[in-house]
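Here is the structure we will look at.
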Amino acid sequence: MSIEKLKRLDSTKIEVPIDYKAGMRVKGIIYVDEILEKDIETQCIEQVANVAALPGIINASLAMPDIHTGYGFPIGGVAAFDLREGVISPGGVGYDINCGVRLLRSNLKKEDVALRMKDLVGVLYNEIPAGVGSKGKIRLGPEDEKKVLKIGA
C-alpha cells in the first residue's frame, strides 16, 4: 500500500489503482482537485481501497471531494453493488454518521409483501425513528445485538 501508486487522471480525479492493495476487485476514484488533495487523510485512501474489495462491487469505489475517515466506508464514499452478487453495507448507508440505520434480516419474500408494500412502508415509517433527536418505541444497544441476531437466524 503506497500513496505513490495514486495516479492523477485529470484536474478533478485521482485513481486508486486496482493493484494499490491486495484483494481490490475494481479501481478507486477520488474526485478531488490538487488543492484539496493535500488534505486527504491516508486512512480515507485505505477505506476507498477496502470498499473496492467488497463482493459484487460495480465499476469503481468512488469518493467525493469532502472525503474523510469513516467506519468501513469513507464518509463521502459511494459504491454500487450487483443485485445478486453484491453486499449491503451499513457503513455505506450511514452507519458512521449514527443516522439510525439498522440491517435486519427477514424471512419474508417479495411476493409475500408485494400487495401490501404501501402499507408496510407506512408502518415502517411510523415505527422507525428518523431525523435529528428522534425517539422510537424500540431502543437497541450493544447488549441487544445477540438477541437481534438470534431472532433473525
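Quick note: numbers below take in every heavy atom, side chains included, and nothing from hydrogens, waters or symmetry partners.
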Rounded to the nearest 0.5 angstrom, the NE2-CD distance for His68 and Gln47 is 10.0 Å

- prompt: Is there side-chain contact between Ile30 and Val16, with at least one heavy-atom pair below 4.5 Å?
  reply: yes

Rounded to the nearest 0.5 Å, the CD atom of Glu85 sits from the CD1 atom of Ile58 at a distance of 10.5 Å

So CD of Gln43 and OG1 of Thr69: to nearest 0.5 Å the spacing works out to 5.5 Å

From the list Lys27, Glu46, Glu15, Lys5, side chain to side chain donor-acceptor pair (under 3.5 Å) partner of Tyr20 resolves to Glu46

Is Ile14 reachable from Leu9 through a run of hydrophobic residues whose side-chain heavy atoms are each under 4.5 Å from the next? no

* Consider only side-chain heavy atoms of I, L, V, M, F, W and Y, link residues closer than 4.5 Å, and tell whether Ile29 and Met64 are in one cluster. => yes

Determine, using the 4.5 Å side-chain heavy-atom cutoff (strictly less than), whether Phe73 and Val26 are members of one ILVMFWY cluster. yes

The salt bridge (Lys or Arg N to Asp or Glu O under 4.0 Å) partners of Asp19 (sequence neighbours excluded) come to none

Do Asp33 and Arg8 have side-chain heavy atoms sitting under 4.5 Å apart?
-> no

Across all chains, not counting sequence neighbours, the salt bridge (Lys or Arg N to Asp or Glu O under 4.0 Å) partners of Asp112 are none

query: Heavy-atom distance under 4.5 Å between the side chains of Val48 and Ile67, does that happen here?
result: yes

Heavy-atom side-chain contact between Ile57 and Val51 under 4.5 Å: yes

Value for OH (Tyr31) from CG (Asp10), rounded to nearest 0.5 Å, stands at 9.0 Å

Is it true that Leu120 and Leu115 fall in one hydrophobic cluster, defined by side-chain heavy atoms closer than 4.5 Å? no

